[in-house]
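All remarks here apply to the structure that follows.
Residue indices begin at 1 and follow the sequence shown. Computed from a predicted structure; not experimentally measured.
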Amino acid sequence: MPKSLSSETIQIVKASVPALAAHGTDITKSMYARLFRDDHIRELFNHANQGEGGSQVNALAAAILAYAQNIDNLGVLGPVVERIAHKHIGYHILPDHYPYVANALLAAIEDVLGSAATPQLLNAWAEAYWFLAEVFQEREAEIRDELVKKSGGWNGWRDFVIASKVRESDVVTSFVLRPKDGRRVVRHKPGQYLTLRLKLENGLEIKRNYSISSGPSDSSYRISVKREAQGQGGSRYLHDTATVGTLLSVTPPAGDFYLPEIPQAPVVLLSGGVGLTPMVSILETIVEEHPNLEAHFVHGALNSTTHAMDQHVRKLANAHGNIKISSFYSDPGSEDAAGLSHDFDGYITPEWLRKNTPIHEAEFYLCGPKPFLRSLIPALVREGVSSERVHYEFFGPSDELLAA
């Protein structure tokens, strides 16, 4: 573990909270601008998150503010450290990259705060940054060491090829990925994701996270990707350009969202749209490894044209015998009918969950778009589900997820 922070640094950083609350987004905007002057550092990031109304800028500002507010009680930041450490594994962030961020952050603080950025303040934030950086680096080293020691494990980028490509709905396609070298792959924890490095036709190189939608395997992974109409084209490249045999670069499975090896309570899997992908991985694992586990797979989709993998999920449930499937369509098509194409019209609600799932004992796993998560996570807590029993996956700057 890194050495403790000095009492003087703790006092100075806590005193900077009002300034961070007022100017945090300006500081993070300036920090990113400085970082992205270096192509070597710029290529480490998922730049899709730099758009979306400045969501990454806002999320980082919120994270820095939370760090300052809790600098004398860092135990509360443990889950955040774990989540970010896994993201760093996915993007292959290395210790050599941390000084770039330190320099950019301190320069941004000085730039935005002006004369208020005294030498004492900058020295305190330098000490605070490197303290947290050591925490991250130690955890990331542990994760990498665990991965490379496992059968099929690796570190950094590895070449994979698309072995098959299957259309699951009008908007979702599945891709089975196998390593180019033909050797084993590490068995992922059901719920984890892969990070892909994609080279687009225009020469742009981008990185994207995609949940693994298959149960653990020694030979391959499956991802199921929604074709997005906007953005820099990762999903459109996979749907429209990539074919069987296309080469992709992939880092090892990562993520702190997954089913434990030995579940101790019933499981409720809640998903919206393409958020079903990690849930299918979890469901396949339950069927394969936990024949006596009670599970509820509850999914919300627009209609049958967008609903992916429904027949696969129902076959899994039938094979298991203790899994209940419930599907909701918010905008049923002309050929859709509750009881036939899907189970219910409308949206998943806390009232429905209270009546139809073991809400007071189950572990809840959620994945879906922001409105889906913002609606259901606080609602579950209001229904009496402890936050320790609510687990969620979200691709994007998750620190601002529940801010609104």
Test ring-ring contact (aromatic ring centres under 6.0 Å, His included) applied to Phe328 and Trp352, Phe372, Tyr347, Phe297, the passing residue: Trp352
task: Classify the ring geometry between Tyr98 and Trp130 as parallel (under 30°), tilted (30 to 60°) or perpendicular (over 60°).
output: tilted
message: Are Thr305 and Leu302 packed together at the side-chain level, in the sense that at least one heavy-atom pair is separated by less than 4.5 angstrom?
response: no
message: Determine whether Arg187 and Lys150 satisfy the following criterion, side-chain contact (heavy atoms from CB on, under 4.5 Å), listing intermediate values before the conclusion.
response: CA-CA 8 Å; Arg187 295 173 67 86; Lys150 290 181 178 179; over 6 Å; no
- request: Might you point out which heavy atoms bring Ser213 and Val280 nearest each other, and give the distance in Å?
  value: O-CG1, 3.3 Å
task: To the nearest 0.5 angstrom, please state how far the OH atom of Tyr193 sits from the CD atom of Glu393.
output: 6.5 Å
task: Check step by step if side-chain contact (heavy atoms from CB on, under 4.5 Å) holds for Val287 and Ile323.
output: CA-CA 9 Å; Val287 172; Ile323 296 172; 3.8 Å; yes
- prompt: In terms of the angle between their ring planes, are Trp154 and Tyr221 parallel, tilted or perpendicular, with boundaries placed at 30° and 60°?
  reply: tilted
message: So which atom in Ser326 and which in Phe344 form the shortest heavy-atom distance, rounded to 0.1 Å?
response: CB-CE1, 4.2 Å
- prompt: Is the ring centre of His290 less than 6.0 Å from the ring centre of His320?
  reply: no
field: Aromatic Tyr237 / basic Lys199 pairing, under 6.0 angstrom, 45° off normal
entry: no
field: More than 12 heavy atoms of other groups within 6.0 Å of Glu288 CD
entry: no
From Arg382 atom CZ to Leu376 atom CG, the distance as rounded to the nearest 0.5 Å: 10.0 Å
- prompt: Do other residues, nucleotides or ligands put more than 12 heavy atoms under 6.0 Å from the NZ atom of Lys14?
  reply: yes
field: Flag side-chain contact, heavy atom, 4.5 Å: Ile93 against Phe136
entry: no
- prompt: What heavy-atom pair brings Ala108 and Met31 nearest, and what distance separates the two atoms?
  reply: CB-N, 3.6 Å
- request: Go through the steps for Leu177 and Leu194 under the test side-chain contact (heavy atoms from CB on, under 4.5 Å), then give the verdict.
  value: CA-CA 11 Å; Leu177 310 180; Leu194 296 176; 4.1 Å; yes
query: Looking at Arg158 and Gly152, what are the two nearest heavy atoms and their distance?
result: NH1-O, 3.5 Å
message: Looking at Val171, is its backbone amide N or carbonyl O close enough to the side chain of Ser169 to form a donor-acceptor pair, meaning the two atoms are under 3.5 Å apart?
response: yes
message: Any side-chain to backbone donor/acceptor pair from Thr28 onto Val57? Under 3.5 Å, distance only.
response: yes
task: Check whether any side-chain N or O of Thr251 sits under 3.5 Å from a backbone N or O of Gly90 as a donor-acceptor pair, and report yes or no.
output: yes
field: From OG (Ser16) to CG (Leu113), nearest 0.5 Å
entry: 8.5 Å
statement: Which of Phe257, Tyr258, Tyr365 passes ring-ring contact (aromatic ring centres under 6.0 Å, His included) with His391? It is Tyr365
message: Tell me the closest heavy-atom pair linking Arg236 and Ala229, and the distance in Å.
response: NH1-O, 3.5 Å
query: Taking side chain as C-beta onward, heavy atoms only, is Val225 less than 4.5 Å from Thr173?
result: no
query: Rounded to the nearest 0.5 Å, how far apart are CD of Glu289 and CD1 of Ile262?
result: 10.5 Å
- prompt: Donor-acceptor pair, Lys165 side chain versus Ala242 backbone, under 3.5 Å?
  reply: yes
query: Does Gly255 offer a backbone N or O that forms a donor-acceptor pair with the side chain of Gln192 under 3.5 Å?
result: yes
- request: Mark yes or no for whether Ser375, through its side chain, and Pro371, through its backbone, hold a donor-acceptor pair below 3.5 Å.
  value: no
field: Leu65 vs Val17 side-chain heavy atoms within contact, under 4.5 Å
entry: yes
- request: Show the numbers, then the answer: is there a side chain to side chain donor-acceptor pair (under 3.5 Å) between Asp336 and Ser304?
  value: CA-CA 7 Å; Asp336 296 333; Ser304 59; 2.6 Å; yes
- line: One should read off an interatomic distance between Lys226 NZ and Ser235 OG, to the nearest 0.5 angstrom, of 9.0 Å
Glu351 atom CD, over 12 foreign heavy atoms within 6.0 Å: yes
- request: Validate the cation-pi geometry between Arg389 and Phe364: distance from NZ or CZ to the six-membered ring centre under 6.0 Å, angle to the ring axis within 45°.
  value: no
field: side-chain contact (heavy atoms from CB on, under 4.5 Å) evaluation trace for Thr306 with Val172
entry: CA-CA 7 Å; Thr306 64; Val172 176; over 6 Å; no
task: Quick one: pull up CG in Asn155 and CD1 in Ile89 and give me the separation to the nearest 0.5 Å.
output: 7.0 Å
Salt-bridge criterion met for Glu168 and Arg222 (N-O under 4.0 Å): no
query: Does Ser6 offer a backbone N or O that forms a donor-acceptor pair with the side chain of Glu127 under 3.5 Å?
result: yes
- prompt: Any donor-acceptor pair under 3.5 Å linking the side chain of Thr118 with the backbone of Leu121?
  reply: yes
message: Treating His97 as the side-chain partner and Leu94 as the backbone partner, does any N or O pair qualify as donor plus acceptor under 3.5 Å?
response: yes
field: Over all atoms of both residues, closest heavy-atom pair of Ile282 and Pro190
entry: CG1-O, 3.5 Å
message: Just so I know, are the side chains of Ile212 and Ser214 near enough to count as touching, which here means a heavy-atom distance under 4.5 Å?
response: yes
- request: Report the residue from His342, His307, His299, Arg314 that forms a side-chain hydrogen bond (donor to acceptor under 3.5 Å, both in side chains) with Ser327.
  value: Arg314
- prompt: Judged by atom type as modelled, is there a donor-acceptor pair below 3.5 Å linking the side chain of Lys324 to the main-chain atoms of Ala295?
  reply: no
message: Would you call the rings of Tyr100 and His40 parallel, tilted or perpendicular, taking 30° and 60° as the class edges?
response: perpendicular
